[in-house]
Undergrad: 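One structure follows; several queries about it will come next.
Chain identifiers are assigned alphabetically (A, B, ...) following the order of the sequence lines, protein sequences preceding nucleic acid strands; residue numbering begins at 1 within each chain. Heavy atoms only: backbone and side chains are in, while hydrogens, waters and symmetry mates are out.
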There are 2 protein chains.
Amino acid sequence: MEHHLISEKTVERLILYRRILLTIDPEKQKNIVSHQLALLTGVKSPQVRRDLMVIGYSGSPARGYDISSLIESIGHFIDAPVKQGIALAGVGNIGRAIIDYFKGRRPKLDISAIFDIDPEKINRVLHGCRCYHIDQMEAIIRAGKIHMGIITVPADSAQSVAEHMIRAGVTGILNYAPVKLVHPENIHVENRDITLVIEKVAYFSRQVR
Amino acid sequence: MEHHLISEKTVERLILYRRILLTIDPEKQKNIVSHQLALLTGVKSPQVRRDLMVIGYSGSPARGYDISSLIESIGHFIDAPVKQGIALAGVGNIGRAIIDYFKGRRPKLDISAIFDIDPEKINRVLHGCRCYHIDQMEAIIRAGKIHMGIITVPADSAQSVAEHMIRAGVTGILNYAPVKLVHPENIHVENRDITLVIEKVAYFSRQVR
DNA sequence: GTAAGTTTGTGAAACATTTCACAATAGTTG
DNA sequence: CAACTATTGTGAAATGTTTCACAAACTTAC
Ligand SMILES: NC(=O)c1ccc[n+]([C@@H]2O[C@H](COP(=O)([O-])OP(=O)(O)OC[C@H]3O[C@@H](n4cnc5c(N)ncnc54)[C@H](O)[C@@H]3O)[C@@H](O)[C@H]2O)c1
Ligand SMILES: NC(=O)c1ccc[n+]([C@@H]2O[C@H](COP(=O)([O-])OP(=O)(O)OC[C@H]3O[C@@H](n4cnc5c(N)ncnc54)[C@H](O)[C@@H]3O)[C@@H](O)[C@H]2O)c1
C-alpha cells in the first residue's frame, strides 16, 4: 500500500468522512453519493470524490459509495494495524478533560500512559489510567512502544517534556502548551493553542459584520 | 482601514508573532530581523516579511523591525478597538478549563457570559463569572453586544446552541463539539475537534518512522 | 564620504489545493 | 435492449500560498 504523498488536509477530511458515515444507521441507508457526504461534512462534492480517489476507493456511478465498505477502506488507511498507545504528560485541567473524554472513543487508540510531577497525582488511578512520575516517562514509552504523545504541561516545561518524548521514540506530538516546540523535522507536531484560536475567531467575528 | 482580503493563515501567524514578541525583554532587545522572528515562530523569513507587508508594517533595512511598534501595529490590526465580550455555553470539563485558563490573558478579550442547563451550576460564580441558564443566553448576548461564542456543550446540543447564538448576533463561533455546525456562510466557525486531531497525529506519527 | 555588509520589500516562480467540467459508466424504465 | 438519468473519476483550469531572488535602502566602519 502506498501512502506517503497524502496531504494533512486530506487526512483530516477522511477522518471527518468516517466520523459522519458512522453516524448513519446502516439499516436505513446503505449507499451515499458524494454530494450528500459533502453536505454533511461541509466540503464540496468534487473534493469528496478527489479525497476518496487518493485512497483508491471506487464508488459506483449512479449509486454512489457503499457506506460500510467505505468506512472500512478509510479505516484501513487511517487506523493503526494494531491498537496504538498514547502518552499524555500533565494531568491538569485540559489533560484530565482529554483523558476522560477520549477513553474508549476510538477502538485503535488508547491513552495508555499518563505522567505528572505532582505527588498528589502520582500513583493514583485517574479515569482508569495510573499516573506515573514524569521521570519514568522515557522508560515507560520505550517499553510500551508508544509513538504519540500529548503535552498538557505548563508552557515552561513543554520543551523539556517534548525532548524526553522524542528521545524515547515518539514521532507525533499534540501540543496544548502555548510554545513553539523545537524538534527534528521528521517529527510531526500539531499545536492546539487555545488563546491563539480565541483571538483568531474574535478577529474574524469582527470582519464578518 | 482595509482588512478584508487577509487569509486565515496570515492572521494566525500575526497572532503568533505578537505572542513571541511579547516574550522578548524590551530592555535587552529593541529590534528584530525577519530571520530571527522566523526562527522563533517556526516559519520562513520571506513569509514573515510578506505577512508584515500585508498589514502595511515597514521595517528598516539593515536594522529590521522595531519590536514595540510592531507589537502595536499587530494589535491595531488584530485587536478589537474596545474590549470584546465572549459567551461560552457548556460549563463542563473543557468549558471550565478554558474559562479558568483564559481569564485575564488577553486584555481586549473577556469571557463575560457563561451558560449551562445544570441547576447545580446556574447562578453560581465560576472563576469570577456568573453562570446563567441557557434560556437566558439570547437576551444576555444581545444586551452585551457579544459577537463571539464558544461551544463546549455535548454534541447533541451544539447545533441548537449555535443557532441561538447566531440569532442573538454572534458572528464567530469556536466549536469544541464533534459535529459539523450548519450555519450561514457569513458566520465564521472554527472547529476544534479533539478526537479528530488525536487521530490525525496518530496517523502521521506512523508515517514518520 | 564611500565602500562593504545587512536586511527589507516585492515581483515572479514554484508549489499546493480546490474547483470545474465532462466523458465514461452504471442503473432504471418502458 | 435502447434511451434516459444520475453519478463517478479525473484531466485541466483556477485559485491560493509559499518561497525565491534580487534591487533598493539603511547602517557601519574606515
Ligand atoms: N486549560 C486550558 O484551556 C488551556 C488552554 C490553552 C492552553 N493551555 C495550556 O495547557 C497546559 C496545561 O493547562 P492546564 O490548564 O491543564 O494547567 P494545569 O495547571 O491545570 O495542569 C498542568 C499539570 O501539569 C503538571 N506538571 C507541571 N510540570 C510538569 C512536568 N514538568 N512534567 C509533568 N507534569 C507537569 C502539573 O502538576 C499539573 O497537573 C499549559 O501549557 C497551558 O498553557 C491550557
Ligand atoms: N473534554 C474533552 O477533552 C473534549 C474533547 C473533545 C470534544 N469535547 C466535546 O466538548 C463538549 C463538552 O465536553 P466536556 O468533556 O466538557 O463535557 P461535560 O459533560 O463535562 O460538559 C458539558 C456541559 O454542558 C452542559 N450542557 C448540556 N446541555 C446543555 C445545553 N443544551 N445548554 C447549555 N449547557 C448544556 C452540561 O450541563 C455540562 O456542564 C462535548 O461536545 C464533547 O464532545 C470534549
Undergrad: Kindly confirm or rule out a cation-pi arrangement of B:Arg106 over B:Phe102, judged by NZ or CZ under 6.0 Å from the six-membered ring centre and within 45° of its axis?
TA: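 No.
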Undergrad: Would you say the side-chain atoms of A:Ser34 and A:Arg49 include a donor-acceptor pair closer than 3.5 Å?
TA: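 Result is yes, a qualifying pair exists.
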Undergrad: Between A:Asn31 (CG) and D:dT8 (P), how many Å, whole number?
TA: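 My rounded result for the distance is 10 Å.
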Undergrad: Taking 4.0 Å as the cut-off, does a side-chain nitrogen or oxygen of A:Ser34 come that near to OP1 or OP2 on D:dT8?
TA: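 Result: yes.
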Undergrad: Is there side-chain contact between B:Leu40 and B:Ile32, with heavy atoms separated by less than 4.5 Å?
TA: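 The answer is yes, as the side chains (C-beta and beyond) meet within the 4.5 Å cut-off.
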Undergrad: Figure out the CZ/P separation between A:Arg13 and C:dT18, and round it to whole Å.
TA: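 Rounding to the nearest Å, CZ of A:Arg13 and P of C:dT18 are 4 Å apart.
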Undergrad: Give the residues of residues 41-50 of chain B touching DNA chain C, defined as any heavy atom closer than 4.0 Å, sorted by residue number.
TA: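 Per residue number, the list reads B:Arg49, B:Arg50.
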Undergrad: May I ask you to check whether B:Asn93 and A:Tyr101 show a side-chain donor-acceptor distance below 3.5 Å?
TA: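 Per modelled atom types, B:Asn93 and A:Tyr101 side chains form no pair under 3.5 Å.
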Undergrad: From the set D:dC26, C:dT17, C:dA26, return the single nucleotide nearest to any side-chain atom of A:Pro61.
TA: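 My answer, after comparing the listed nucleotides, is C:dA26.
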Undergrad: Please determine which of B:Leu181, B:Ile151, B:Ile146, B:Thr171 meets the side-chain contact (heavy atoms from CB on, under 4.5 Å) test together with B:Met165.
TA: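 The single option meeting the side-chain contact (heavy atoms from CB on, under 4.5 Å) with B:Met165 is B:Ile151.
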Undergrad: Would you confirm whether A:Arg206, through its side chain, and B:Ile78, through its main-chain N or O, come within 3.5 Å as a donor-acceptor pair?
TA: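 Yes.
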Undergrad: Once you round it to whole Å, what is the distance between P of D:dT17 and CG of B:Leu14?
TA: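 From B:Leu14 CG to D:dT17 P: 14 Å.
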Undergrad: 5'-most contact on DNA chain C: A:Glu8 or A:Ala62, nearest heavy atom basis?
TA: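 Whichever sits nearer the 5' end wins; that is A:Glu8.
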Undergrad: When you check the phosphate oxygens OP1 and OP2 of C:dA26, does a side-chain N or O of A:Tyr65 lie under 4.0 Å from one of them?
TA: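 No, because none of the side-chain N or O atoms of A:Tyr65 sits under 4.0 Å from OP1 or OP2 of C:dA26.
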Undergrad: Does B:Arg63 put a side-chain nitrogen or oxygen below 4.0 Å from OP1 or OP2 of C:dT7?
TA: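 B:Arg63 to C:dT7 OP1/OP2: no side-chain N or O under 4.0 Å.
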